Amino acid sequence: MYKPNFNQRRALRFRQFTRKRWALFACLGRVVTISVLSVATLQSAAAATDDDGKTRVVGNSVADNVSQPDKEATLDDVEVTGSRAPLALGQAARMVTVLSRDEIQAAPVQSINDLLKYAVGVDVRQRGPIGAQTDIGIRGSTSEQITILLNGINICDPQTGHNAFDLPCDIMDIERIEILEGPAGRVYGTSSLVGAINIVTRTASSNKADVRLEGGSFGYLSAAGRLAMGGHSLSANYTRSDGYSRAKSGALNSDYSGGKVFYQGEYGHENLRLKWHAGLSTKGFGSNTFYSAKFDEQFEKTVKIFTALQGDFTVGPLHLRPSINWNRSHDRFELIRGSETKVPFNYHRTDVFGLSLNSYFDWLLGRTAFGAEFRNEDIVSTNLGEPLSEAFSHYKVGLNRSNLSFHLEHNILLKRFTLSAGFIAVKNTWNQMPFKLYPGIDASYRIGTNWKIYASYNSSLRMPSFTELYYSVGGHKADKYLKPEELHAVEGGVKYSSAHFTAKASVFRHHARNMIDWVMDTREAEPVWQSVNHTKVNTTGVEASATLNTHFSTFNLSYCYLHQDKDLEEHLQSQYSLEYLRHKLTASVDLKLTQQLALTVKYRYQDRMGSYTTVDGEVKNYHPYSIIDARAGWQASTLLYIYVEANNLLSHRYVDYGNVAQPGFWLSAGVKFGI
């Protein structure tokens with residue numbers, strides 16, 4: 001959303017960092033001016049003033065507007081998620097893609113899931129719109145192989161990656177989204193096999209109330225509100241839709257209804273800072289033919305609770321960052337909607353408890369970080385796990401496993417060179433695995449004020465989900481003796497940043513062992529999906545992007561190419577890991593037509609490898625498709641914003657997953673106003 005002063009250039013200095021002992025730059029003992037910031041983003045950046053009068057950096061690349069020596073910028077609590085120790089963005093040895101708040105607010109999307117479609121290295125496979133169910137992968141991964149974080153807290157669901165994006169927060173809560181591509185085990189531990197997505201919510205920096213109302217095609221209606229006051233914020237959202245398809249019986253089978261509530265607060269005094277959040281997400285949705293093409297009246301309901309408390313304080317030269325969190329998830333799946341007598345429903349309850357401590361200190365040779373994390377995952381279910389000693393409610397089986405990890409990292413920070421190296425040691429009780437080390441090293445060198453080159457080697461692992469280990473119903477046969485997945489990756493790249501133009505390119509190679517997938521042998525009389533470990537899967541990829549920013553427009557073009565050398569035989573079908581995007585091209589243009597009127601148009605082209613079997617037994621390959629989305633927004637005043645958006649303008653009925661056709665043209669309109 002464009003602001004009247006979007007293109008103003010201001011000299012801004014770090015002021016708050018010199019007053020707080022817990023602030024990022026306090027440890028340097030001096031006032032800091034950043035002249036080069038090298039975090040890649042999808043839109044061009046400029047200094048903009050928020051509705052509450054607070055100045056922040058927004059847009060495509062923070063480096064675009066501060067890459068010149070005479071330009072300074074103020075950022076609140078600038079940190080990079082590419083390392084254990086907090087580093088200034090210009091010092092980061094690893095590239096992190098950042099979607100800023102202004103990009104998020106201007107994008108023609110109805111959910112955070114939709115927003116990630118425009119990140120070129122991210123694969124978003126939707127089974128239903130407006131966030132009903134979305135599988136999100138990075139660089140050819142499955143939804144199980146990335147870590148999802150909320151304000152730095154791991155919220156991955158060990159039951160299944162299908163429900164990983166049942167977030168408790170609304171789009172209006174989001175400050176930014178950080179995407180770390182490549183293995184992140186050294187930073188985020190298990191489950192971050194091929195990357196991580198960190199969703200950072202807005203702090204209550206001033207007293208303000210916001211309301212959003214939306215409506216559109218297929219009975220879509222959404223209402224959300226957010227109240228911020230005295231360091232606390234509370235938001236709520238309700239969304240519903242009739243869906244875009246019906247079952248053969250004529251009943252709705254892609255309808256959606258759900259709500260969210262999210263609260264967060266913070267406290268800061270001298271060298272102590274505390275922040276906390278609690279949230280609830282609940283939704284029920286027609287599951288169409290999500291899990292079986294033979295049944296077109298499936299239904300699923302999920303309820304999730306999120307809680308976390310994080311601290312940040314110092315003891316002498318040592319900076320301590322402890323956290324504790326607990327998440328609970330309820331999942332009910334109905335193969336035949338509303339008819340438990342014909343096919344029993346599946347019930348699951350998952351509890352995740354986490355406790356971590358990350359510490360760092362500065363000394364003559366750089367910055368060293370160390371710490372530990374404990375994570376306990378527990379499930380009780382009707383069909384996932386081992387028999388319980390005493391069954392209760394619907395639950396007859398279950399499983400409990402714990403993960404313990406220790407990490408050590410050292411950062412050498414010179415004027416133009418950064419080296420970050422370390423390892424994580426991991427032990428899991430599920431398969432009695434011993435401690436195993438996963439090392440990593442990142443290096444970057446800044447050439448002049450515009451260029452940066454970087455290279456890295458990283459490794460990681462992922463434990464199988466409970467579904468992969470035990471789901472043996474409804475045409476599925478799981479293997480409870482699956483091995484953990486392991487991945488080693490090398491990457492190199494270059495980035496150029498100037499005031500109006502940003503470009504970057506990278507090449508990477510992933511070597512994976514024991515990759516987990518569901519595979520079907522179509523030669524069998526009654527084929528079933530079986531969970532298996534692939535022996536080895538190597539992925540080679542290239543990513544490139546360029547962004548041009550002018551006074552009245554922003555143009556972006558990005559491309560990603562992937563190739564995996566593991567090909568299935570013709571009689572086998574893969575459900576996830578080998579159905580990757582070989583080609584993905586995204587383009588966008590943001591135009592400021594008048595002082596109040598702005599237009600955003602986004603395009604993406606996707607070509608997916610793999611095939612699927614129809615209900616008639618016909619094997620079909622995935623076909624490439626193009627999608628155009630657009631939004632026109634009118635900034636009537638500083639407190640009132642009116643917009644109209646169109647999704648899939650060409651009304652292309654494409655397939656992202658199996659037999660689930662996606663909706664055609666979708667029109668919606670909305671209004672946002674604040675007090």
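In this text the structure is predicted, and so the values were computed from the model without any measurement.
- Geometrically, R125 does not engage Y657 in a cation-pi contact defined by less than 6.0 Å to the ring centre and at most 45° from the axis.
- When atom types are taken as modelled, the side chain of D517 and the backbone of V519 share no donor-acceptor pair closer than 3.5 angstrom.
- Ion pairing between E373 and R375 fails under the 4.0 Å rule for side-chain N and carboxylate O.
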> Can you list the steps and then say if I379 with Y395 is a side-chain contact (heavy atoms from CB on, under 4.5 Å)?
Replying inline: CA-CA 9 Å; I379 188 172; Y395 311 120; over 6 Å; no

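- Taking 4.5 Å as the limit, every side-chain heavy atom of Y580 sits out of range of all side-chain heavy atoms of T539.
- Considering CG of N376 and OG1 of T429, their distance stands at 7.5 Å, rounded to 0.5 Å.
- Under the rule for a ring pair (Phe, Tyr, Trp, His ring centres under 6.0 Å), the partners of F508 that lie at least two apart in sequence or sit in another chain are H510.
- Across every non-hydrogen atom of I146 and I136, the tightest pair is CD1-O, 3.2 Å.
- A heavy-atom distance below 4.5 Å is not found between the side chains of Q264 and K275.
- Counted by atom type alone, W451 and Y445 present zero donor-acceptor pairs between their side chains at under 3.5 Å.
- Judged by distance alone, with hydrogens and angles left aside, the side-chain atoms of D565 form a donor-acceptor pair with the main-chain N or O of N538 at under 3.5 Å.
- Listed here is the closest heavy atom pair of L384 and F466: CD2-O, 3.9 Å.
- Shown here for V194 and L487, the closest heavy-atom pair between the two residues is CG2-CD1, 4.1 Å.
- Closest approach of T147 and S191 over heavy atoms only: OG1-OG, 2.8 Å.
- D123 pairs in a salt bridge (Lys or Arg N to Asp or Glu O under 4.0 Å) with only one of the listed residues (R608, R139, R582, K584), which is R608.
- In this structure, CG on L116 lies 9.0 Å from OG1 on T134, to the nearest 0.5 angstrom.
- No side-chain donor from either of S329 and Q159 sits under 3.5 Å from a side-chain acceptor of the other.
- Proximity of a side-chain donor or acceptor of S192 to a complementary backbone N or O of A184 within less than 3.5 Å is detected.
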>> For D378 and F353: C-alpha separation, side-chain torsions, deciding distance, then whether side-chain contact (heavy atoms from CB on, under 4.5 Å) applies.
In response: CA-CA 9 Å; D378 183 87; F353 172 78; over 6 Å; no

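- The closest side-chain donor-acceptor pair between Y438 and E486 falls under 3.5 angstrom.
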> Between Q145 and R462, does a side-chain hydrogen bond (donor to acceptor under 3.5 Å, both in side chains) hold up when you go through it step by step?
Replying inline: CA-CA 7 Å; Q145 295 166 343; R462 180 185 77 88; 5.9 Å; no

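- Side-chain contact annotation: D166 with T302, donor-acceptor N/O pair under 3.5 Å present.
- Residues that satisfy the ring pair (Phe, Tyr, Trp, His ring centres under 6.0 Å) test with Y470, not counting sequence neighbours, are absent from this structure.
- From R186, atom CZ reaches atom OG of S456 across 8.5 Å, with rounding to the nearest 0.5 Å.
- In this pair, W518 and Y471 present their aromatic rings perpendicular. The plane angle is above 60°, beyond the 30 to 60° band.
- At most 12 heavy atoms of other shown residues, nucleotides or ligands fall within 6.0 angstrom of atom NZ in K477.
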> Could you go step by step and tell me if E178 and R176 meet the salt bridge (charged side-chain N to carboxylate O under 4.0 Å, His left out) rule?
Replying inline: CA-CA 7 Å; E178 304 167 342; R176 67 184 184 275; 2.8 Å; yes

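- A donor-acceptor contact shorter than 3.5 Å links the side chain of K304 to the backbone of N163.
- In summary, the side chains of T540 and R509 do present a donor paired with an acceptor at a separation below 3.5 Å, with no hydrogens or angles considered.
- A ring pair (Phe, Tyr, Trp, His ring centres under 6.0 Å) with H410 is found for one member of F361, W363, F423, Y360 and no other, namely W363.
- For D351, the salt bridge (charged side-chain N to carboxylate O under 4.0 Å, His left out) partners two or more places apart in sequence, or in a different chain, are R328, R349.
- Residues L404 and F435 form a side-chain contact, since some pair of their non-hydrogen atoms from C-beta on lies under 4.5 Å apart.
- In this structure, a donor-acceptor pair under 3.5 Å is absent between the side chains of S465 and T160.
- No hydrogens or angles considered: nothing links the side chains of Q310 and D312 as a donor-acceptor pair under 3.5 Å.
- No side-chain donor-acceptor contact under 3.5 Å links N358 and R84.
- If you take OG on S359 and CG on L320, they are separated by 4.5 Å, rounding to the nearest 0.5 Å.
- Salt-bridge check for K117 with D656: failed, with every basic side-chain N at 4.0 Å or more from each acidic carboxylate O.
- Atom OG of S497 is separated from atom CZ of R446 by 12.5 Å, given to the nearest 0.5 angstrom.
- Side-chain contact between K436 and P484 is absent, with no heavy-atom pair separated by less than 4.5 Å.
- Among all heavy-atom pairs drawn from A85 and R367, the shortest one is CB-CD, 3.6 Å.
- Residues L578 and H534 form a side-chain contact, since some pair of their non-hydrogen atoms from C-beta on lies under 4.5 Å apart.
- Shortest non-hydrogen contact noted between P168 and S281 is CA-CB, 4.1 Å.
- With hydrogens and angles left out, the side-chain atoms of N151 and T201 include a donor and acceptor closer than 3.5 Å.
- Looking only at atom types and distance, the side chain of N458 has no donor-acceptor partner in the side chain of E491 under 3.5 Å away.
- Looking only at distances, a side-chain donor or acceptor of S459 sits under 3.5 Å from a matching main-chain atom of P439.
- One N or O on the side chain of R94 and one on the backbone of G182 form a donor-acceptor pair closer than 3.5 Å.
- Taking 4.5 Å as the limit, every side-chain heavy atom of D442 sits out of range of all side-chain heavy atoms of S83.
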